[in-house]
Structure formats: structure tokens, C-alpha cells
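Structure first, commentary second.
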Amino acid sequence: MVGEDDPDRSVELLWRAADGPVREGLSVGAIVRAAVEIADADGLDGVSMRRVGERLGFTSMSLYRHVPGKAQLIDLMCDTVMAELSRARPSATGHAETTARPAEGRGSGWRERLEGWAREGWALQGRHPWLAEVRGTRHVPGPHSIADFDHALSTVAGTGLRPAEMVAVVGLVGRFVDGEAVRAAEVARTERETGQSEEDWWSARQSLFDRLDRYPALTAIWESGGYDSPEDSFEFGLARVLDGIEALIRARDERRDERRVCVMCGTPLDPAGSGRPRAYCSRACRQRAYRERRTTPRPADTPDPR
């Protein structure tokens with residue numbers, strides 16, 4: 001259809017759908033809700049303009065008067081389910097969540113807030129597994145998606161991270177959640193198509209296991225029970241990602257808190273504008289240090305600090 005791949009048309013549709021009233025009968029909202037229901041049941045491949053039209057009792061051509069094609073429909077579907085996140089937050093107002101203020105104290109509670117955002121996204125992916133099937137990097141975000149991104153950025157406000165680092169941190173956590181969701185969706189799809197669980201399929205690979213004793217590291221882990229109770233990949237991975245971010249924020253805090261003091265009297269020193277860092281707060285302390293060096297006996301092999 002004409003305009004199916006026009007991103008500006010997606011922007012127009014996304015904001016009109018968010019701002020406009022909910023209407024009965026054939027409308028953008030009704031089309032999107034029907035498409036989400038189909039995708040929840042049958043995956044993204046099950047969504048077509050024909051199936052959505054049949055579900056609503058209209059022809060697919062009738063739908064094209066409201067939504068140009070499947071590309072825009074997917075953008076609308078994604079933003080519609082993202083509204084579930086803002087509605088669940090106390091600070092949500094309408095379709096766009098106001099930016100949450102950081103907790104009191106520098107960096108206080110950032111980890112809990114960022115972890116909470118990650119878990120909200122993980123739960124959303126669980127309710128709508130088809131989100132993991134959306135491919136490509138040029139899907140236009142709608143108001144609910146942007147509100148969620150804004151909320152994520154607010155979780156690391158006041159941590160001392162540079163603005164670009166805040167964006168990178170949120171992107172890192174978001175991509176981790178998306179990656180885990182893709183893996184979970186692939187497992188579920190394969191189990192559904194084959195009728196066999198992932199565990200049962202691997203348990204039946206004895207012909208493979210019989211050949212693994214030639215790999216010493218793998219064999220040692222296997223024999224020590226490393227595969228008996230595997231780590232939960234989401235829980236383990238999320239904790240490690242947050243640990244890395246915490247190390248970065250701690251390093252920023254230590255650098256910001258590090259202040260040089262006078263080596264003689266301990267008075268805090270203002271940073272030097274240029275050149276070598278200052279060691280003394282005043283000429284008097286410098287002279288005092290010089291006098292002490294002159295009067296303090298030194299071993300014969302100790303170099304003169306001057």
C-alpha cells in the first residue's frame with residue numbers, strides 16, 4: 001500500500017491514537033487492539049490485515065483506510081502495550097508519564113529503580129511474547145514508548161553519570177532484557193511447534209554426551225554438578241549488568257569526592273587551574289616543609305627530594 005513504509009505517517013498515527021478518544025466500530029484503536037489479541041495468541045506472524053479485518057467483521061481494504069499497512073500496525077501495537085507500564089506507575093498521568101524525580105541523596109536508590117524498570121519490561125515481554133519478534137532498528141517510538149524511556153533515564157538521574165553514559169546505561173539494560181526475551185520466545189516457539197520441551201530434547205542427546213569426555217574443562221564442570229542446578233539466566237545476568245553499572249557510578253563518586261589537601265596542615269586545596277597539582281595551601285606551609293627537609297637527617301643513600 002502507498003505510504004506503508006513512511007515513518008512520518010507512523011508518527012502521525014501514533015500520536016493521534018494516543019491523543020484521540022476511544023471509538024466504537026472500526027477505528028485505529030479497534031484495529032490495534034484486535035491485532036494485539038491475535039499476536040498474543042499466535043505470534044507476530046499470525047497478524048495480517050486480513051485476519052484483523054475478519055476478527056472485526058470488516059474487509060482488509062477497510063482497514064487500510066485507517067492504517068496504511070503492517071509496518072505502521074506493528075508500531076501502533078508496540079506503543080499500545082507499552083501503555084501498560086505507565087499505567088502501573090503511580091506517577092503516570094494520561095498517556096505520557098511525567099519524569100520521576102531521583103530519590104534524595106546522590107545516587108540513592110538508583111539500582112532499585114533501574115532494576116524495577118528492567119523487571120517491568122521483562123514482565124511485559126512475558127505477557128506479550130511477540131514483542132521479541134519485532135525486528136529492525138527503525139521502528140518509530142510512540143508516546144508511551146518515549147515515556148517509558150524517559151522514566152528509565154530518570155532512574156539514573158543524580159548518579160554522577162555523564163548524559164551520554166545515562167543513555168548508554170539505559171540502552172545496555174534494555175538490550176539485556178530484550179536479548180533474554182528473544183531467547184525465551186525462541187524456546188517457547190520451538191516447544192510449541194515440536195511438542196517437546198527444551199529439557200526433554202537435550203536429555204535425549206546421549207550420542208552427543210558420549211563424545212564430550214575429550215573436553216577436560218567441560219567434563220570437570222559436568223562431573224562437579226555444574227549443570228544440575230543451572231543459574232536463572234535473567235536473574236544472574238541482570239545482577240551482573242547492574243554490578244557493572246554500580247562499579248562505574250562508584251568510580252564517578254570516588255573521583256568527584258577525591259580532594260587534595262595540604263601535605264603539611266591538611267587544609268583542603270582548590271584544584272590547580274593548570275600545571276602541576278598544588279601540594280601546599282600557602283607559602284608558609286611550603287617554607288615549613290622546606291625547613292623540615294633541611295633539618296631532618298636522611299640516610300646517605302636517600303635522594304634529596306629537592
Side-chain angles (χ1 to χ4, degrees), residues 7 14 44 74-75 77-79 81-89 91-92 96-188 230-257:
L14 285 161
L44 202 59
I74 291 174
D75 289 340
M77 292 166 62
C78 290
D79 198 61
V81 298
M82 290 297 290
E84 298 175 19
L85 300 179
S86 59
R87 283 197 296 265
R89 294 175 187 139
S91 59
E97 180 184 2
T98 56
T99 302
R101 290 179 295 179
E104 295 298 323
R106 186 175 63 200
S108 173
W110 70 264
R111 178 163 179 151
E112 292 76 12
R113 297 195 305 276
L114 185 58
E115 180 180 350
W117 174 72
R119 292 187 182 282
E120 289 174 348
W122 179 241
L124 182 72
Q125 298 264 12
R127 293 193 297 272
H128 306 288
W130 55 267
L131 283 169
E133 301 174 23
V134 177
R135 295 291 185 264
T137 59
R138 296 188 178 182
H139 286 276
V140 176
H144 298 112
S145 301
I146 294 177
D148 181 67
F149 183 60
D150 183 71
H151 169 76
L153 290 173
S154 77
T155 65
V156 289
T159 58
L161 295 175
R162 297 191 300 270
E165 290 175 331
M166 294 170 62
V167 174
V169 160
V170 169
L172 174 64
V173 175
R175 285 189 295 274
F176 165 75
V177 174
D178 290 344
E180 286 294 303
V182 168
R183 167 65 179 167
E186 289 175 347
V187 169
E231 295 281 351
D232 182 290
S233 62
F234 177 80
E235 296 295 336
F236 182 85
L238 179 60
R240 301 295 76 76
V241 170
L242 293 173
D243 286 346
I245 296 169
E246 185 171 351
L248 174 62
I249 291 175
R250 187 182 301 115
R252 291 284 180 272
D253 282 344
E254 291 172 353
R255 192 170 305 156
R256 182 166 48 188
D257 290 341

Q: Determine whether R252 and R162 make a side-chain contact, defined as any pair of heavy atoms from C-beta on separated by less than 4.5 Å.
A: yes
Q: Go through I249 and V169 one step at a time and tell me if the side-chain contact (heavy atoms from CB on, under 4.5 Å) criterion holds.
A: CA-CA 11 Å; I249 291 175; V169 160; over 6 Å; no
Q: Quick one: closest heavy-atom pair of Q125 and A132, and the distance?
A: OE1-N, 3.6 Å
Q.
Could you tell me if the side chain of E246 sits less than 4.5 Å from the side chain of L242, heavy atoms only?
A. no
Q.
On a heavy-atom basis, which atom in S145 and which in D79 lie closest, and how many Å separate them?
A. N-OD1, 2.8 Å
Q. Between I146 and P141, what is the shortest heavy-atom contact and its length?
A. CG1-CB, 4.0 Å
Q) Mind checking whether L85 and W117 have side chains closer than 4.5 Å, heavy atoms only? A) no
**Q.** Note: R175-D178 ion pair, threshold 4.0 Å (strictly below)
**A.** no
(Q) Using side-chain heavy atoms (C-beta onward) and a distance below 4.5 Å, is M166 in contact with T155? (A) no
Q.
Looking at every non-hydrogen atom in both residues, tell me the closest pair between E133 and L44 and how far apart they are.
A. OE1-N, 3.0 Å
Q. Do F176 and E180 come close enough that some side-chain heavy atom pair is under 4.5 Å?
A. yes
Q) Can you tell me how far the CD atom of E84 sits from the NE2 atom of H144, to the nearest 0.5 Å? A) 10.5 Å
Q. Hey, are the side chains of V81 and W130 touching, using non-hydrogen atoms and a 4.5 Å cut-off?
A. yes
**Q.** Closest non-hydrogen atom pair, P143 against L14
**A.** CD-O, 4.0 Å
Q: State, with a plain yes or no, whether a side-chain heavy atom of V134 is found less than 4.5 Å away from one of M77.
A: no
**Q.** Distance-minimising heavy-atom pair for W122 and A181
**A.** CZ3-N, 3.5 Å
Q) side-chain contact (heavy atoms from CB on, under 4.5 Å) between L238 and R119: does it pass, once the steps are laid out? A) CA-CA 9 Å; L238 179 60; R119 292 187 182 282; 4.2 Å; yes
**Q.** R127 atom CZ, neighbour heavy-atom count above 12 within 6.0 Å
**A.** yes
(Q) Within this structure, what is the CD-CZ distance for the pair E231 and R240, rounded to the nearest 0.5 Å? (A) 8.0 Å
Q.
When you compare the side chain of I245 with that of V173, does any pair of heavy atoms fall below 4.5 Å?
A. yes
